[in-house]
*Asks:* 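Quick one: the structure is below, questions incoming.
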Amino acid sequence: MLVLGLESSCDETAAAVIEDGRRVLSDVVTSQFEVHAPFGGVVPELASRAHVVNVIPVLRAALERAGVTLDDIGGVAVTQGPGLVGALLVALQTGKALAYARGLPFVGVHHLEGHLSAVYLDDEPPPFPHLALVVSGGHTSLVRVDDHGVHVELGATRDDAAGEAFDKVAKLLGLGYPGGVVIDRLSKTGDPGAVKFPRAMTAKHTGDDFSYSGLKTAVLNHVRQHGVPQGQALADLCASFQATVVEVLVRKTRKAVRREQLTHVQVCGGVAANSCLRAEMRKAGEEDGFRVYVPPPRRCTDNAAMIAAAGYYRLIRGERSGLALNAMAGLPLPGIRA
Ligand code: KG4
Ligand code: ZN
């Protein structure tokens with residue numbers, strides 16, 4: 001069964017075709033980097049307009065690269081939320097129109113379930129149950145995944161998401177947008193021990209929750225005191241900030257995996273592309289005896305293959321969304337068990 005996935009929740013317009021929930025036939029992502037870069041962040045109205053311009057060419061490219069036509073598609077999966085409503089609506093309406101015109105089964109997908117499903121496209125996906133650390137621009141959560149679409153959210157950020165912290169700190173340091181990848185690159189030549197930042201929410205009673213707004217403020221205070229660093233000092237500051245974020249993510253994952261008595265951990269979402277997080281989580285896995293699964297970097301950031309993968313498992317269970325399905329800015333992760 002071929003599933004067409006569509007995604008436009010933020011600043012990437014994406015379309016993909018996957019076969020039987022496993023094999024990626026095409027995976028096309030158009031970034032709006034140039035549109036938003038002058039503003040230092042995503043401008044929602046500009047994002048919506050760019051999605052409108054991009055969605056059909058991206059869809060055509062996905063079909064072409066897969067070597068298929070709409071006649072071959074067996075189902076359509078589209079991100080329903082969370083995200084920017086105007087942006088979400090573009091892929092959602094496109095998917096609904098296609099499904100209606102072609103009489104295809106259609107399903108709306110939660111964006112985080114998409115991130116959680118990217119790993120199922122890898123050669124050796126994690127078995128169930130496993131622990132998932134979801135780290136993106138909008139979310140930082142620890143989730144126990146009991147089956148496809150069956151989740152227990154163990155903890156989440158109480159304020160900023162990890163990716164948001166990367167982006168805000170990058171903006172503060174004049175590194176532009178999006179900032180995570182720039183901080184990752186600069187950190188490679190920096191000293192992670194150069195500046196000591198607080199590790200928030202690491203005390204016992206904080207459970208599996210996270211907090212990143214204090215760290216952001218600590219970087220701001222450092223810059224107020226010392227000015228925006230240049231050269232080696234900039235690399236050192238980036239490395240110190242990144243090491244702090246990663247240390248807390250890894251420490252909390254270790255604690256949760258031990259308590260939940262799990263042996264498989266996946267890391268997903270845009271921040272899972274971070275080279276330091278990938279390396280440190282693998283090291284922790286080796287030390288503590290859990291296996292770590294991280295999708296390739298391009299499938300950590302937003303893409304439609306992950307949406308098609310999540311949609312595939314819902315479609316084969318017989319799930320269908322009505323054509324009245326609306327885009328949702330906020331949407332709880334489905335399949336949550338208390
Ligand atoms: O999952 P994603 O593409 O979009 C959301 O669902 O939010 O995640 C985007 C986030 C941004 O905050 C971006 O700065 C961050 O992922 N990111 C990274 C890296 N690549 C992307 N953060 C740290 N290191 C990276 N290499
Ligand atoms: Zn995302």
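Counting starts at 1 for both ligands and their atoms, following the listed order. Throughout, numbering of the chain's residues begins at 1 and tracks the sequence.
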*Asks:* Please give the atom name: the N, O or S atom of D302 nearest to the Zn ion (ligand 2).
*Replies:* OD1
*Asks:* State whether R60 and E64 are salt-bridged, where the test is any N-O pair (Lys NZ or Arg NE/NH1/NH2 against Asp/Glu carboxylate O) under 4.0 Å.
*Replies:* no
*Asks:* Side chain or backbone, does G270 bring an N or O within less than 3.5 Å of an N or O on ligand 1?
*Replies:* yes
*Asks:* Does the side chain of D159 come under 3.5 Å of the side chain of S211 through a donor N or O and an acceptor N or O?
*Replies:* yes
*Asks:* So for atom CZ, which belongs to F128, do other residues, nucleotides or ligands contribute more than 12 heavy atoms lying within a distance under 6.0 Å?
*Replies:* yes
*Asks:* Students should be able to answer this: which protein heavy-atom is nearest to atom 26 (N) of ligand 1, and at what distance?
*Replies:* D184 OD2, 2.9 Å
*Asks:* Determine whether the aromatic ring centres of H148 and Y120 lie less than 6.0 Å apart.
*Replies:* yes
*Asks:* Please check if the distance between the ring centroids of F241 and F166 is under 6.0 Å.
*Replies:* yes
*Asks:* Are more than 12 heavy atoms, taken from residues, nucleotides or ligands other than K171, located less than 6.0 Å from that residue's NZ atom?
*Replies:* no
*Asks:* Any N/O/S atom, backbone or side chain, of H139 lying under 2.8 Å from the Zn ion (ligand 2)?
*Replies:* no
*Asks:* Side chain, backbone, both or neither: which part of N274 has a heavy atom under 4.0 Å from ligand 1?
*Replies:* both
*Asks:* Quick one: are L315 and R320 in side-chain contact, heavy atoms under 4.5 Å?
*Replies:* yes
*Asks:* What N, O or S atom of H111 is found closest to the Zn ion (ligand 2)?
*Replies:* NE2
*Asks:* Between ligand 1 and G269, is the shortest N or O to N or O distance under 3.5 Å?
*Replies:* no
*Asks:* I'd like to know if the side chain of S9 pairs up with that of E7 as donor and acceptor (distance under 3.5 Å, no hydrogens or angles considered).
*Replies:* yes
*Asks:* Salt bridge check: are E45 and R49 linked by an N-O gap of less than 4.0 Å?
*Replies:* yes
*Asks:* At the 4.0 Å heavy-atom cut-off, does Q242 count as touching ligand 1?
*Replies:* no
*Asks:* Please identify which atoms of ligand 1 are closer than 4.0 Å to at least one heavy atom of T301.
*Replies:* 3 (O), 21 (C)
*Asks:* With heavy atoms under 4.0 Å as the rule, classify the contact between H139 and ligand 1 as side chain, backbone, both or neither.
*Replies:* neither
*Asks:* Are any of the side-chain heavy atoms of V195 and D236 separated by less than 4.5 Å?
*Replies:* no
*Asks:* Against heavy atoms of G138, which atoms of ligand 1 measure under 4.0 Å?
*Replies:* 7 (O)
*Asks:* Tell me the protein heavy atom at minimum distance from atom 6 (O) of ligand 1, and give that distance in Å.
*Replies:* H111 NE2, 3.1 Å
*Asks:* Nearest heavy atom to atom 14 (O) of ligand 1: which of D167, V169, L277 does it belong to?
*Replies:* D167
*Asks:* Using a 4.0 Å heavy-atom threshold (strictly under), name the region of D302 that reaches ligand 1: side chain, backbone, both or neither.
*Replies:* both
*Asks:* Is there a heavy atom of C10 sitting under 4.0 angstrom from any atom of ligand 1?
*Replies:* no
*Asks:* Do any of the N, O or S atoms of C10 sit under 2.8 Å from the Zn ion (ligand 2)?
*Replies:* no
*Asks:* Under 3.5 Å, is there a donor on one side chain and an acceptor on the other for S321 and K96?
*Replies:* no
*Asks:* Students should be able to answer this: which protein heavy-atom is nearest to atom 9 (C) of ligand 1, and at what distance?
*Replies:* G137 N, 3.7 Å
*Asks:* Show the nearest heavy-atom pair for residues A156 and D209, with the distance to one decimal.
*Replies:* N-OD1, 2.9 Å
*Asks:* When you compare ligand 1 with G180, is there at least one nitrogen or oxygen pair between them that comes in under 3.5 angstrom?
*Replies:* yes
*Asks:* Closer than 4.0 Å to some heavy atom of G163 - which atoms of ligand 1 meet that?
*Replies:* 12 (O)
*Asks:* Please classify the H115 to ligand 1 contact at 4.0 Å (heavy-atom distances, strictly less than): side chain, backbone, both or neither.
*Replies:* side chain
